[in-house]
Amino acid sequence: MTMTTELSTTYSPKESESKWYKIWEKGNYFKPKKGKANKPFCIIVPPPNVTGKLHAGHALDVTTQDALIRFKRMKGYETLFLPGLDHAGISTQSVVEKMVWEQEKKTRRDFTREEFLKKIWAWKEEYGNTILDQQKAMGASCDWDYLTFTLDPIPNQAVKKFFVDMYNEKLIYQSDYIVNWDPALQSAVSDAEVEHIEVQGAFYHIKYQIKGSSEHLEVATTRPETLFGDTAVAVNPNDERYKHLIGKIAVIPLCNREVPIIGDEHVDLEKGTGCLKVTPGHDFNDFEIGKRHKLPIINILNLDGTLNNCTMEFSGLSCKEARKKIAKKCDEIGILIDTKNHVHPVGHGERSGVIIEPMISKQWFVNVKEMSRVAVEAVEKGDTTFYPKEWENTYFSWLRDPKDWCVSRQLWWGHQIPVFYCKECLHQWASEQNETECSKCKSENIYQDPDVLDTWFSSGLWPMSTLGWPNEAAMKEKKFDTFFPNSVLITGFDIIFFWVARMMMMSLKTQQQVPFKDVYIHAIVRDKLGRKMSKSLGNGIDPFDMIEQYGTDAFRFSLASGAGYNRGINLDPERIGGFRNFINKVWNAYRFIQPHLNSGQATLNNLAELDHHERWILAELNTTAKAMNEALEIYRYDEASSAVYSFVYDKYCSWFIELSKNILNGDDSKTKAKRVSVLKFVFRKMLALLHPITPFITEELWSHLKEQNEDLLITQDYPEYESQFVFKDDQDKMNKFIEVITSIRNLRASVNIKPKDEVNVELFSDNHELIQYYRANLINFKELARVRELKAGSKELNRPNKSIVNITTHTEIFVPLEGVIDLKDQIARLEKELSKTEIDYKKYEAKMNNANFMKNAPENVRAEVVQSEKELKEKIKSLKENIAQFKE
RNA sequence: GGGCGUUUAGCUCAGCUGGGAGAGCGCUACCCUUACAAGGUAGAUGUCGGGGGUUCGAUCCCCUCAACGCCCACCA
């Protein structure tokens, strides 16, 4: 008895999505298991910020990573997809500070450190997991038992170990150095966290008097307010204009401090006036000049960026206000010579958005010189490969010119720096333990460095710490040796410096090997007009809306179809709608075969029994499997998607299902059973091919198609290329069949024959094999082009009189008509075809007549040209003969 | 200032080591045909940014110009 369930004509994603995710997760399907490939495969999720909400970029992360994980899992790899969360020091602390201010009108300084950290932890517990739920909604097949937070004990242990080892090697050092100071955060930040933005400013030309002389220097500066910090004036030693002044004394306006005039090559003769005020405390270049000339350093700023008490009546003002007032005052006393508009780049805090002030401050630095050299070498040697390869340049450009990494942050939320100070003997030491007494004098009067480490310090150790390093028991439990190095890192290009480079350095330093074999840099998701998604533009696409509207599978397919070696994906919700339709197509293909399922088998026992169309669809399936395997191996999700899309739509649905209808509706039960088996066999393979990209609908349909003893689709074998399914001749013939059918349909449409009305068709060919083939396919012409009677014969035969005609290579298609035929129309159509064909033909003819081509072109190209030339010639002959006939 | 990238059908983009240009969406016409109107059938559209070169042959390689975008860079 055939059991049929009523199925809706449209697929509704919601139910199957939540259903299958739970079944997979509860059934431990996401856990690493040894499979037939007997190799590990591990991807670690770039940990999203706990402040975060899933955005389109994360959705792309999940899609590309999960598709690969599912693909490899099906291929029998021991797969681990490792999830995590990042404490994101600055962002998270800021969010909580803002919240506390709104709720209690208090700043963090109104609390003790412990009290405030408690608030952040509470916040993290409450909101931190939403993004994980969203990843689950995207279908991420992570082993959630591996979930790691960057502040968990093991990452903390990793951070301490790395820091202490580096400290003891003197590769981490403390120094009074000029750093990027973020006045809003009141913390140092690293170079990578500074964004240079072009702003409209001005060059102020100010007169600096020379002591004991009537001469003066004209200094050009964009920052007159820093003149209180000037400790020299510099000119280029080769500058004829000023050379004679070197060694003399200049007097700083307003404060009348006397400073030397020095010569330094750094000064550009062309820029400004060629005369530079040197402020070593607040400018990176000046700091270097100061070092070279042993100049004193004067700090003129408070930690919040306002001017301090070295600045006379200007103290307490912001730089911006002070600049205005100082310029005004200089003007009043007649030393402001000129003000010129000037557009120049100014560093802004990546997180805070405020202007970064270069300031001298005692901070911790990592000496990255050697580590970056090793990291560059590893990629040059190919230990790690970037896809697409061009991104290696970006990676190199950062690491080949390394600056020491400022890692201390004056924040509370993060890994506290494991350095201790003794108040008694002033001893300083680093330790992985929570120290209670001085390691030297045993005094208990000690304290730990209050600062925390840059968030990227713990992120850099992520591939190791998530797998248990440096805790040996944890490493064993988490199978460090199996999953490290990871197989591939998938992320966006915006964090190549921040993250990829640091992981490379820190892994090579601690493990003497690279952290991952491949790095796939995916595109940045933009809106449909190619603009960055941003709150201010309001053009953000919320993944949850997309899932709600179109279903996760459709959303994943859209992202996959846009993910190749490109830099941007312009995501248009309408496109997702298109893929939703595709998903629905799969659903309906299932609805078509569903009533017949019981009469067929899931396996094909005897390939020799298969008919032409069955061999054809298997060959097409095989081609698709090959293309998908190859594409996914090299992160060409776009190619994989388009291959499977075209197979499902253009091969299976448009032709194979159509060609199966007469068999399924017929009486020949043996033929029918065979056809159902093939439909089922191919459908099952098709689901497997699709599964990595669209896991939910495929698992849903698999549950209807699987045998009782079979497990879920997520564990089934991924279809591979198989030589037994190569049927080249059937593919060629089928292409011919499709061409002729299309041609008949075209003729019907050209004279408005109703879809229901039948026509007679006569085919004339110069190819005997084709004639036989057409004759054998009578029933299919009937089905697909509403043909009543089909004659196929040699071109030697007479053509029917009143007909409409199309000409293809090797075949003339005649549809005899009863009524009046518009000869003009007919001739026009054929002549259009003729001229097109002739243009084509001439190209080939020219080649054949080109001795150089015949001499130089490779054999296969030549053969192709010869073949095409022959076929086009034949077609032209047909066209001409028929046109002549109609003109008579 | 340095570097990278992009420019192909109305829109978004493929086009692998050079052999004669493709997809999706959109558009037009006709169809509710017994899997699917979230559908079917047929159809239109390209000086492959401009110019030059290499080659038997260039969307693809080289040079050059142009437009757009991104990244890096010490605020004279």
Side-chain angles (χ1 to χ4, degrees), chain A residues 7 9-11 178 191 196 199 201 203-204 219-223 226 234 266-268 271-279 282-288 342 344-347 355-358 390-391 393-394 397-398 401 493-494 496-497 524 528-530 550 554 561-562 564 566-572 574-575 577-595 630 634 636 638-639 642 645-646 653-654 657-658 661 665 742 745-750 752 754-756 785-786 840 843-844 846-847 850-858 860-862 864-865:
Chain A
L7 290 174
T9 61
T10 49
Y11 167 64
I178 189 157
D191 293 330
H196 288 88
V199 299
F203 256 137
Y204 299 90
V219 169
T221 178
T222 54
R223 303 200 63 185
T226 62
H266 167 77
V267 181
D268 187 335
K271 219 167 175 180
T273 55
C275 192
L276 177 68
K277 68 195 248 334
V278 182
T279 321
H282 298 288
D283 184 287
F284 289 93
N285 288 311
D286 293 6
F287 181 78
E288 294 300 324
H342 177 55
H344 58 118
V346 177
I355 291 177
I356 294 296
E357 293 295 343
E390 297 90 76
W391 289 113
N393 288 327
T394 304
S397 78
W398 174 259
D401 181 26
F493 61 77
D494 46 339
I496 290 178
F497 306 141
I524 299 288
K528 67 170 176 178
L529 300 172
Y550 302 111
S561 74
N566 45 335
R567 301 191 154 208
I569 295 178
N570 297 354
L571 194 61
D572 182 352
E574 263 185 54
R575 241 182 105 88
F579 289 116
R580 185 266 320 264
N581 298 352
F582 169 72
I583 300 292
N584 201 47
K585 190 82 179 174
V586 176
W587 174 255
N588 277 294
Y590 170 70
R591 283 185 67 230
F592 172 79
I593 62 168
Q594 191 243 6
E630 288 171 359
I634 56 169
R636 289 301 305 257
D638 52 347
E639 285 183 354
S642 92
Y645 186 102
S646 146
C653 291
S654 292
I657 282 185
E658 294 304 326
K661 283 180 178 170
N665 294 332
T742 306
R745 286 168 175 172
N746 169 283
L747 282 176
R748 296 176 53 113
S750 74
N752 288 322
K754 294 248 158 60
K756 277 179 186 162
R786 284 244 138 202
D840 245 23
K843 288 182 194 160
Y844 288 99
K847 285 201 175 193
N850 182 336
N852 278 324
F853 172 79
M854 296 309 278
K855 201 174 70 196
N856 296 328
N860 61 324
V861 174
R862 232 177 332 157
E864 223 178 278
V865 168

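Labels below follow one simple rule: chain letters A, B, ... track the order of the sequence lines, proteins then strands, and each chain is numbered from 1. Side chains included, hydrogens not; waters and symmetry mates left out as well; all remaining heavy atoms used.
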Collect all protein-nucleotide pairs involving nucleotides 21-23 of chain B in which both atoms are nitrogen or oxygen and the distance is under 3.5 Å.
none

Distances under 3.5 Å between protein N/O atoms and the N/O atoms of nucleotides 33-40 of chain B, please, pair by pair.
{"unit_1": "B:A35", "atom_1": "OP1", "unit_2": "A:K661", "atom_2": "NZ", "d": "3.3"}
{"unit_1": "B:A35", "atom_1": "O2'", "unit_2": "A:N588", "atom_2": "OD1", "d": "2.9"}
{"unit_1": "B:A35", "atom_1": "O2'", "unit_2": "A:R591", "atom_2": "NH1", "d": "2.7"}
{"unit_1": "B:A35", "atom_1": "N6", "unit_2": "A:C653", "atom_2": "O", "d": "3.2"}
{"unit_1": "B:A35", "atom_1": "N6", "unit_2": "A:E658", "atom_2": "OE2", "d": "3.2"}
{"unit_1": "B:A35", "atom_1": "N3", "unit_2": "A:N588", "atom_2": "O", "d": "3.0"}
{"unit_1": "B:A35", "atom_1": "N3", "unit_2": "A:A589", "atom_2": "N", "d": "3.4"}
{"unit_1": "B:C36", "atom_1": "O4'", "unit_2": "A:N588", "atom_2": "OD1", "d": "2.9"}
{"unit_1": "B:C36", "atom_1": "O2'", "unit_2": "A:N588", "atom_2": "ND2", "d": "3.3"}
{"unit_1": "B:C36", "atom_1": "O2", "unit_2": "A:K585", "atom_2": "NZ", "d": "3.0"}
{"unit_1": "B:C36", "atom_1": "N3", "unit_2": "A:K585", "atom_2": "NZ", "d": "2.9"}
{"unit_1": "B:A38", "atom_1": "O4'", "unit_2": "A:N581", "atom_2": "OD1", "d": "3.0"}
{"unit_1": "B:A38", "atom_1": "O2'", "unit_2": "A:N584", "atom_2": "ND2", "d": "3.2"}
{"unit_1": "B:A38", "atom_1": "N3", "unit_2": "A:R580", "atom_2": "NE", "d": "2.9"}
{"unit_1": "B:G39", "atom_1": "OP1", "unit_2": "A:N581", "atom_2": "ND2", "d": "3.1"}
{"unit_1": "B:G39", "atom_1": "O3'", "unit_2": "A:K585", "atom_2": "NZ", "d": "3.1"}
{"unit_1": "B:G40", "atom_1": "OP1", "unit_2": "A:K585", "atom_2": "NZ", "d": "2.8"}

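Positionally, the nearest nucleotide of RNA chain B for A:V861 lies more toward the 5' end than for the other of A:F579 and A:V861.
Candidate nucleotides B:G26, B:G43, B:C75 were compared by shortest atom distance to the side chain of A:E574, and B:G26 ranks first. Minimum atom distance to the side chain of A:N856 is reached by B:C56, of the listed B:A73, B:G19, B:C56.
Residues passing the ring-ring contact (aromatic ring centres under 6.0 Å, His included) test with A:H344 are A:H342, sequence neighbours excluded. Looking at residues two or more places apart in sequence or on another chain, you find a ring-ring contact (aromatic ring centres under 6.0 Å, His included) between A:F582 and A:F557, A:Y645. A:T279 pairs by the side-chain hydrogen bond (donor to acceptor under 3.5 Å, both in side chains) definition with A:D230, A:K277, not counting sequence neighbours.
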* Test side-chain contact (heavy atoms from CB on, under 4.5 Å) on A:F579 and A:Y550 and set out the steps. => CA-CA 8 Å; A:F579 289 116; A:Y550 302 111; over 6 Å; no
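Close to B:C75, at under 4.0 Å from its OP1 or OP2, lies a side-chain N or O of A:H196. Taking only side-chain nitrogens and oxygens, A:R636 comes nearer than 4.0 Å to OP1 or OP2 of B:G15.
Between the CZ atom of A:F497 and the P atom of B:C70 there is a distance of 15 Å, given to the nearest Å. In this entry the distance linking CG of A:N566 with C1' of B:C16 reads 15 Å, nearest Å. As a whole-Å value, the separation of A:F493 CZ from B:C72 C1' is 13 Å. In this entry the distance linking NE2 of A:H266 with P of B:C75 reads 10 Å, nearest Å. Taking atom CG of residue A:D283 and atom P of nucleotide B:A73, one finds them 15 Å apart after rounding to whole Å. Rounded to whole Å, atom P of B:C13 lies 14 Å from atom CZ of A:R567. Counting to the nearest Å, the P atom of B:G57 and the CG atom of A:N850 are 7 Å from each other. Atom-to-atom, CH2 of A:W391 to P of B:C71 comes out at 10 Å; the value is rounded to the nearest Å.
With both ends at atom P, the span from B:U41 to B:G26 equals 15 Å, rounded to whole Å. Rounded to whole Å, the separation between the P atoms of B:C11 and B:G19 comes to 27 Å. The separation of B:A58 from B:G51, taken at their C1' atoms, amounts to 15 Å, rounded to a whole angstrom. Across the C1' atoms, B:G1 and B:A44 are found 49 Å apart, a figure rounded to whole Å. Distance noted for atom P between B:U6 and B:C60: 13 Å (whole Å). Going from the C1' atom of B:C48 to that of B:G22 covers 12 Å, rounded to whole Å. To the nearest whole angstrom, the two P atoms, one in B:A14 and one in B:C61, are 15 Å apart. Of the P atoms belonging to B:U47 and B:G40, the separation is 30 Å, rounded to the nearest Å.
Within the 4.5 Å cutoff, no side-chain heavy atoms of A:D283 are placed close to those of A:P358. Looking at A:F203 and A:T222, their side chains come closer than 4.5 Å, going by heavy atoms from C-beta outward. Taking 4.5 Å as the limit, every side-chain heavy atom of A:T394 sits out of range of all side-chain heavy atoms of A:F493.
Contact detail for A:T9 and A:N588: the closest heavy-atom pair is O-ND2, 3.0 Å. Contact between A:S750 and A:L747 at its shortest, heavy atoms only, is OG-O, 2.7 Å. Smallest separation of non-hydrogen atoms from A:F853 and A:V861: CZ-CG1, 4.1 Å. The minimum heavy-atom distance between A:Q594 and A:L7, with the atom names listed, is CD-CD1, 4.0 Å.
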* Asked: Please, what dot-bracket string fits RNA chain B when only Watson-Crick and G-U pairs with both distances under 3.5 Å count, crossing ones use [ ] and pairs to another strand use |?
  -> (((((((..((((.....[..)))).(((((.......))))).....(((((..]....))))))))))))....
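Contact annotation for A:R223: base contact, defined as any heavy-atom pair under 4.0 Å involving a base atom. Residue A:V267 is classed as a base contact, given a heavy-atom separation below 4.0 Å to a base. Using a 4.0 Å heavy-atom distance criterion, A:I569 is classed as making no nucleic acid contact. Residue contacts shown for A:S646 are absent, as no nucleic acid heavy atom lies under 4.0 Å away. Residue-level contact check: A:E864 touches the backbone only, with heavy atoms under 4.0 Å from sugar-phosphate atoms and none from bases. A:I356 comes within contact range of at least one nucleobase, with a heavy-atom separation under 4.0 Å. Note on A:N746: only backbone sugar-phosphate atoms sit closer than 4.0 angstrom, heavy atoms only; bases stay farther off.
Note that the CH2 atom of A:W398 and the CD1 atom of A:I496 stand 12.0 Å from one another [nearest 0.5 Å].
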